[in-house]
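Have a look at the structure below before the remarks.
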Amino acid sequence: MADILYTYNDNVYVNLTNKCDCACRFCIRSHHDGVGDAETLWHKVDPTLEEVKAAIDAYDFTGKKELVYCGYGEPTCALENLIDSAKYAKEKYGVEIRVNTNGLGNLYHKKDIVPLLAEVVDTISISLNAPTKEEYMDVTRPKFADAFEGMLAFAKECGEQIKKVKFSVVDVLSTEDIEASRKLADSLGVELRVRPFV
Ligand code: SF4
């Protein structure tokens with residue numbers, strides 16, 4: 001069975017699902033089977049809520065303030081298990097909750113999921129990936145034709161309902177693209193984080 005919780009750079013992550021509605025060119029899944037102390041993050045079958053809770057109970061949260069939903073798939077594709085296990089971890093272990101997402105959850109579920117996330121999520125990091133629709137579609141290869149617009153609308157809505165919202169791009173973008181991404185993020189009132197490509 002694949003690792004459900006794993007530690008990387010002193011942070012603890014939940015690998016909830018291998019489902020994803022994108023096929024990003026830079027996705028780490030195409031390069032390594034695992035990250036940090038995880039041997040493999042490929043599930044044979046996605047874990048049940050009970051299995052996620054058991055993995056949370058088995059983890060030593062000493063010194064950890066945050067639990068991050070980010071694995072070999074898009075966490076909001078397993079929305080119910082995300083919300084329920086995050087509530088469980090928060091209540092039982094007092095950790096804050098961060099979700100790293102592609103921001104396509106409203107399109108994937110064909111409904112507004114932000115109010116559900118806002119009940120339990122403290123920080124949401126949304127992959128902006130590129131400053132224009134053309135570049136975004138090329139690098140992210142999402143299932144939805146209106147993914148870029150949907151992701152921006154999702155981010156704006158998160159900004160109204162969730163405590164901390166960030167956009168992320170990877171540092172392989174050109175200086176011009178990073179600057180353009182920053183302007184786009186600023187226009188939506190969202191902070192931009194430039195993260196290293198691993
Ligand atoms: S959204 Fe995340 S998991 Fe999905 S393909 Fe892109 S980088 Fe990989």
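Whatever order the structure lists them in is the order used to number ligands and atoms, beginning at 1.
Side-chain atoms of Y69 and S85 form a donor-acceptor pair, as typed in the model, at a separation below 3.5 Å. Judged by distance alone, the side chains of E74 and T17 never bring a donor and an acceptor atom under 3.5 Å apart. A donor and an acceptor atom, one from each side chain of Y88 and D57, are located under 3.5 Å apart.
For atom 4 (Fe) of ligand 1, the set of nearby N, O or S atoms under 2.8 Å includes one belonging to C20.
At a threshold of 4.0 Å, the pair K164-E191 does not count as salt-bridged, since none of the basic side-chain nitrogens sits closer than that to a carboxylate oxygen.
Residue C22 has at least one heavy-atom neighbour below 4.0 Å for each of these atoms of ligand 1: 1 (S), 5 (S).
By the definition of a contact as any protein heavy atom under 4.0 Å away, atom 2 (Fe) of ligand 1 is not in contact.
Closest to atom 8 (Fe) of ligand 1 among all protein heavy atoms lies C27 SG, 2.4 Å. The protein heavy atom nearest to atom 6 (Fe) of ligand 1 is C24 SG, 2.3 Å.
Paired with D122 under the rule salt bridge (charged side-chain N to carboxylate O under 4.0 Å, His left out), one option of K166, R98, K90 passes, and it is K90.
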